[in-house]
Each structure stands twice: as structure tokens, then as C-alpha cells.
Amino acid sequence: MDKSTYYITTPIFYPNDRLHIGHAYSATVTDTLARYKRLRGFDVRFLTGTDENAQKVQRKAQEAGKETLQFVDEIVASIQSLWRRLGISYDDYIRTTEPRHQEIVQKIFTKLQDQGDIYLGEYEGWYCTPDESYWTERQLVDGKCPDCGREVERVREKSYFFRMSRYADRLIAHYQEHPEFIVPESRKNEMLQNFLLPGLEDLCVSRAAAGWGIEVPGDPQRVIYVWLDALTNYITALGYLSGDSAREALMARYWPADVHMMAKEIVRFHAIYWPIILMALDLPLPKQVVGHGWLLMKDGKMSKSKGNVVDPNLLIDRYSADALRYFLLRDIAFGQDGVFTLESMMERLNYDLANDLGNLLHRTLSMVERFCGGQVPAPGPHTDVEERFSTLIVDAVTQVELALDRYDFSGALAAIWTIVRRGNQYIDEMAPWALNKAGQTERLGAVLYNTLDVMRIVGILLEPFMPHTPARIFAQLGLDVSVADRRSAELSWAAAREMGRLPSGQATQKVEPLFMRLDVEKEIAELEALLAGEVGKGEVGKGEAKSAPPAKSLEVAAAESPKAEPEGVTTLIGIEDFAKVELRVARVIEAQKIEKADKLLKLQLDLGYERRQVVSGIAKFYTPEELAGQLVILVANLKPVKLRGEASHGMILAASVGDQLRLATVAGDIELGAVVK
RNA sequence: GGCGGAGUAGCUCAGCUGGUUAGAGCAUACGGUUCAUACCCGUAGGGUCGGGGGUUCGAGUCCCUCCUCCGCUACCA
């Protein structure tokens with residue numbers, strides 16, 4: 001009989017830096033599902049990996065003075081080590097630099113090109129020459145390279161494009177036929193309203209080659225760009241088109257994927273580009289694309305430039321992988337952003353793990369030692385109390401199952417903890433110490449047996465969430481956890497519903513408490529010191545503040561960046577470069593808001609010798625009324641463009657920092673049209 | 001501007017397809033217990049469920065509208 005398969009993936013991570021706790025969260029939730037499905041008897045395939053072909057990776061390597069591949073190897077080793085330590089039970093780890101991936105990506109490219117899905121067109125955008133990197137209009141920061149802050153130039157060159165629009169209708173239909181395709185559902189509307197319904201643009205899938213990346217077949221001048229390369233990992237890892245029958249069998253067995261798990265910012269690529277690529281390849285679509293929220297710090301999104309990145313290794317060293325996993329899974333409402341604070345982590349570890357769970361096992365074992373000679377006593381008949389306990393357990397197990405089906409990890413753990421709490425209550429109500437005094441040894445034994453048995457059940461239920469703790473619990477209950485076929489016996493998932501499956505007579509082991517209680521204040525003080533040290537070690541530079549949120553408040557921003565160095569200091573230019581820019585004094589005759597644009601104002605300017613219209617993005621800072629009559633400085637020889645349908649002949653100067661902006665003007669009266677230099 | 005999310009006890013959050021006195025944990029106050037990692041158990045106080053309308057026998061839960069915060073997206077020549 002064939003088992004049902006379950007193919008689950010994490011995104012492939014960028015190896016240009018060490019991973020942080022947000023990545024650990026992605027991996028942990030995926031792993032929890034994989035472990036759960038295995039326990040439930042599924043034939044699980046769990047894939048993770050790294051996205052290594054970006055030019056940014058090559059650049060980082062150069063900065064570090066290393067061969068690119070060697071540089072990447074080192075980072076991949078650190079990622080794999082982290083996953084090992086966190087108990088991430090992946091079945092395969094794909095690196096996009098491996099031949100098994102690169103060769104197939106080329107085959108896919110050729111196939112799509114032959115079908116006419118990929119065509120040679122013209123790319124137009126911004127290029128940072130020293131960085132050899134391309135940017136779209138909106139990636140630019142103040143019109144400069146977001147990475148290095150240097151000038152970028154407008155380029156226009158041949159490039160390959162994927163005809164996305166061809167498949168848009170089919171994708172929309174797929175969304176309708178499969179309402180569960182995108183989780184949470186709210187993202188689906190975003191995809192439709194923002195991208196699909198307005199019309200999909202063709203996706204640029206190549207870049208100029210620079211000695212790193214996957215060459216476009218038959219065109220060594222270019223490499224395959226990002227998404228076509230990255231997304232296809234999910235099938236190249238299954239041997240798609242490999243021509244090797246053993247490997248292609250994986251494809252037949254596991255595709256389509258059951259779940260692609262990821263953080264919310266890349267749902268778009270998985271819910272639009274990826275299905276379309278698959279349609280073009282005539283492959284079935286994944287069953288579900290699941291986007292979880294972000295782990296935020298108290299001061300907003302984690303980013304290196306803020307210096308608030310938490311290294312999961314540090315937390316594992318100090319508290320164990322299970323403790324970290326428990327905290328992440330329990331404290332964060334899946335799908336929503338969660339705030340990481342050391343305080344909340346300490347509280348979870350103390351209250352839930354040390355006090356409730358750890359202490360329950362510990363107090364029980366010490367009574368078994370004291371009253372029963374350290375042997376698991378005989379069960380004894382159930383009374384009403386045990387019947388009710390049994391019902392509570394069956395209900396809780398059902399809740400755990402339902403919660404996991406909807407990715408509610410926190411709810412699942414909360415359900416398990418109702419059992420733990422009931423266990424502590426049970427001991428208090430039964431008062432084994434009183435039974436001992438009264439000489440009711442049989443009942444005493446039965447009560448302790450039941451409590452141990454409950455620990456067996458809790459141990460089983462915790463297996464998806466915590467890879468190490470359950471085995472420690474079982475060992476303390478005197479069970480042989482090395483038995484291979486234990487799944488059919490008292491430790492199977494099904495046995496979590498049944499009280500009384502714990503064997504008796506064997507010796508218990510009283511060892512170290514499962515989780516130590518922490519001195520919260522002391523821990524936080526020490527951790528903060530350690531984290532500060534980590535940040536100090538970090539590299540200088542802006543890192544990947546790719547979508548750093550607009551500074552929440554200036555106070556915060558200021559407090560966080562003591563560096564006095566102004567942003568965007570660039571290379572020196574000659575006077576002849578500056579002379580190209582024609583700056584003139586102008587007076588604002590009138591200004592008006594532009595409909596449907598909240599940053600734009602349309603200004604009529606008087607230059608003395610002529611009048612012209614300029615569109616400026618200052619609506620957030622100036623009202624039309626206060627602008628009228630103002631003297632401003634205009635870049636008068638800028639190529640005209642249209643913005644929101646309005647022609648703009650030039651640009652007015654303003655100084656800005658963070659979310660502050662002030663218009664530049666001249667200090668006193670001067671004739672309109674005067675040249676500024 | 002478009003789309004989406006959030007706004008529930010002091011704090012962090014649950015409340016699925018509308019149904020008896022709105023829940024949990026933490027915090028606070030009081031009490032119990034001693035087996036245990038000064039743990040555990042119990043009781044209590046505390047919420048006009050962002051504001052305002054509406055549908056309904058009945059709404060935190062559906063509809064409209066407004067406010068605040070957040071995200072995505074277009075627009076800062």
C-alpha cells in the first residue's frame with residue numbers, strides 16, 4: 001500500500017549573510033509540518049536550500065577577498081550547521097550552483113524559448129556600473145544605487161523576457177477554482193487587484209553576464225536572472241528533465257508540492273510567476289502557497305543597518321533549540337507579524353517550559369522515586385476523574401490536529417498545554433502525598449501512573465514541535481526510545497488519544513530538569529550585552545535593507561544611528577560635470593494637487609523669460625497655498641517626462657533626510673531666471 | 001490613490017460558518033498545598049469588543065461610514 005506523499009519546501013535563502021531569527025522561524029514552521037506529517041504516516045519530502053547565483057553574492061565575496069564559490073561554501077556550511085542545530089529535518093538541500101540545478105534551468109530556458117514563451121526584447125532600466133547591478137526605478141534610493149549610493153545610468157539593452165501576460169487568464173481561473181491556493185486568503189486579493197487584473201508585465205529573465213550565474217544557452221553574453229533560476233529549484237531538486245530515471249521518479253512521486261512555505265514578501269513571486277512558469281512547462285501547480293508574517297523587533301523590522309538582528313545560534317547555545325522553537329511557534333500568531341522581545345521569550349521559557357511542563361514531570365518522578373521505589377507503578381482502575389481527564393486529552397489531540405491543518409502552531413501548543421495544566425491540577429486534587437500517608441498504596445500508584453502516562457502523551461504531541469525534548473521525556477519514563485518500530489506501539493500518534501498505554505514496572509530515570517528556570521533580569525542583561533557584541537562584529541554597510549520601513553519616528557531613527565556620516569557620499573566630479581546642470585531661480589505662481597497621487601503637486605513656475613509646469617513629489621510636506629509665491633531653484637535642462645499624466649519640465653530642489661523635507665531657495669530677492677551655480 | 005490587514009481586560013493575544021452571564025496567559029489582590037525547578041492549584045477585581053449608523057428575535061462576529069496604526073502597490077525628474 002502506497003503512503004500518501006507530502007512535499008513541502010522552504011524558500012531558498014540568500015547566502016550573502018548569516019541568517020537571522022526570522023529565517024529560523026520560516027525553517028521551524030516548515031519543519032514542524034514535515035515532522036507532523038511523518039508522524040501521521042505520510043511519505044514526506046522536505047526541501048530547503050540556497051539561492052546562490054546573484055551577482056550580489058559575487059560582490060560580497062570580492063569584498064571579503066574570497067573566491068565566490070569558496071565564500072558561498074562557507075556561508076552554506078554555516079546555514080546547514082544552523083539547521084542541524086535547530087533540528088530542521090530536511091530531506092534534500094539544493095544549491096543553485098549545483099550542476100543538477102544549473103543544467104536543468106538551462107534546459108527549461110531553452111524549452112520555454114522554443115515554445116515562444118521567452119523572447120529577446122529590450123530592457124530599459126538603471127545600471128550601477130561599479131556594482132554591475134541593475135535596478136528598477138523604484139529600487140533606487142534618491143535616484144542612486146540602493147547598494148552603494150553611487151550614480152546609476154540609464155541603460156537600454158537586449159534582454160530576454162517571459163511572456164507572463166499569456167497565462168494571466170488561466171491563473172485567475174486557477175485562483176477561482178482553488179480558493180485554498182494562497183494562504184492567508186487576504187493575499188489573493190492583493191495579487192489579483194495589484195497585479196493580475198491591471199495586466200501582468202512580461203518578466204525580464206536575463207542579465208548581462210559577469211562571470212557568475214547560469215549562462216543563457218547559446219548566449220554567453222547573458223545569464224539567467226533571478227526568478228526563473230530560483231523558483232525552479234522546487235522541481236530541479238526532484239530531478240525534473242534530468243534524464244536520470246531514478247531521479248525523475250522523485251518528480252513523478254512528489255510533484256505537485258503540497259506546500260510552499262515562505263515569508264509574506266515573496267508570496268507574490270510564488271503565487272504569480274511560479275504558477276505561470278509551471279503552466280508553460282505543462283506541469284501541475286503546487287497545492288498551496290503559504291505566507292507567514294514577519295518577526296519584528298520592538299523597533300520595527302529586523303535589519304542590519306538598525307543593528308537589531310538576532311542570531312539564532314546565540315539563543316540555541318543558551319537555551320536549546322527546543323526552547324527557541326517552542327517560543328517561536330507558541331508566541332507568534334501564524335500569518336501575522338510577531339514582535340520578538342527577550343522578555344516575552346524568557347517568560348515563555350519560564351512559565352510554560354520550566355514551571356508547567358518541566359516541573360510537572362520532575363515532581364511526578366520525584367514522587368515515584370520516593371513512594372514507588374523508582375518504578376512505574378501499576379495503572380489501577382479509572383474513576384470519574386480519570387474519565388474526564390481522558391476526554392480532555394482526546395479533545396486536545398483533536399484540537400492539535402485541527403490547528404496544525406490550518407497552520408495554527410500557537411493554537412496547537414496551547415491545546416497541548418491544557419493537558420499539562422490538567423496534569424498539575426490532577427496532582428493537586430489527588431494529593432499523592434496524602435494517599436501515601438493514609439497508606440492507600442494502590443490508589444497512590446494509580447495516580448502516579450496516570451500522571452506519567454500523561455507525560456507520555458504530551459511527549460508524543462510535542463514531537464513535531466520539539467525534536468529533542470520528547471525523547472528525554474520518554475527516557476525518564478523508562479521507555480526504550482531506540483526501538484525502531486515504536487510508532488506502532490505506545491508512542492505512535494494514535495496512542496496519544498489513549499490513556500493507559502504506558503508500560504509499567506520499568507525503572508524511571510530522574511535526570512536533569514527538562515528546562516531550567518531563568519533569572520529573567522539577569523538573562524536579559526547578559527543577552528543584551530551579547531547581542532550588542534554581535535552587532536559590533538557585524539560588517540559595516542547598509543546590508544540588505546531592501547524594504548526597510550520608513551523610519552517610524554525620527555527619535556527612534558536618531559537613537560539608532562549614532563553614525564554622523566551623511567548618506568550617499570559619492571565619488572568626486574569635475575566642474576565640467578556640474579556645469580552640465582542648469583539651475584535657475586523661479587517663482588511658484590500656483591500649485592495644485594494631482595488627483596489620485598498623494599505625493600505629487602503640479603507647480604506653475606515663472607522663470608522670468610518663460611513659464612513652465614513642473615511636477616514635484618512634495619505634497620506630503622507643503623500645501624499648494626504655502627507654495628504660491630515661493631522662490632525655488634529649478635533644474636531647468638532636465639528631460640521632460642509625464643507623471644500621472646501631467647507633463648513635468650524640470651525638477652525643483654529640496655533637502656531631505658528621513659521623512660523631513662525642505663525646499664531649497666535663494667537667500668534674498670533676485671531676478672527670476674537667474675542662474676544658480 | 002488602489003488593495004489588504006490590525007484596532008477585544010494594565011500587557012500579549014484567542015474568539016471558526018452571528019446565539020445563553022465576551023475567553024486565555026501574564027500582571028494585581030487574596031486564599032490553598034508542600035510532591036516539585038520559591039514551583040503548583042483555587043478565587044476575585046478589571047473590557048460601553050476604535051467611533052457612529054444599519055440588518056436581525058439576537059452581532060465582537062454580517063453591511064455602510066468615519067478615525068488610528070501597519071503592509072503591498074502606483075506616483076516622489
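By convention in this document, chain letters (A, B, ...) are assigned in the order of the sequence lines, proteins followed by strands, and residues within each chain are numbered from 1. Quick caveat: nothing in here was measured; it's all calculated off a predicted structure.
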Take atom C1' in B/rC11 and the same atom in B/rG51, then report the distance between them in whole Å. 24 Å
So what does A/Arg370 hit on the nucleic acid, given a heavy-atom distance under 4.0 Å: a base, only sugar-phosphate, or nothing? sugar-phosphate
Any strand, both distances under 3.5 Å, Watson-Crick or G-U wobble: B/rA74 pairs with none
So what does A/Ser616 hit on the nucleic acid, given a heavy-atom distance under 4.0 Å: a base, only sugar-phosphate, or nothing? sugar-phosphate
What is the nucleic acid contact for A/Val615, judged by heavy atoms within less than 4.0 Å: base, sugar-phosphate only, or nothing? sugar-phosphate
With sugar-phosphate meaning primed atoms plus P, OP1 and OP2, does A/Met651 contact a base, only sugar-phosphate, or nothing at under 4.0 Å between heavy atoms? sugar-phosphate
Indicate, with a heavy-atom threshold strictly under 4.0 Å, whether A/Asp356 touches base, sugar-phosphate, or nothing. sugar-phosphate
Can you tell whether the side chains of A/Arg422 and A/Glu429 come within less than 4.0 Å, N to carboxylate O? yes
Could you tell me whether A/Pro432 contacts a base, only the sugar-phosphate backbone, or nothing, with contacts defined as non-hydrogen atoms closer than 4.0 Å? nothing
For A/Leu361, answer base if it contacts any base atom (sugar-phosphate contacts may also be present), sugar-phosphate if it contacts only those atoms, and nothing otherwise; contact means non-hydrogen atoms under 4.0 Å. nothing
At under 4.0 Å between heavy atoms, what does A/Phe371 touch on the DNA or RNA strands: base, sugar-phosphate, or nothing? nothing
Could you tell me whether A/Asn359 contacts a base, only the sugar-phosphate backbone, or nothing, with contacts defined as non-hydrogen atoms closer than 4.0 Å? base
Whole-Å distance separating the CE atom of A/Met430 from the P atom of B/rU34: 15 Å
By nearest heavy atom, map A/Lys264 and A/Thr364 onto RNA chain B; which one lands nearer the 5' end? A/Thr364
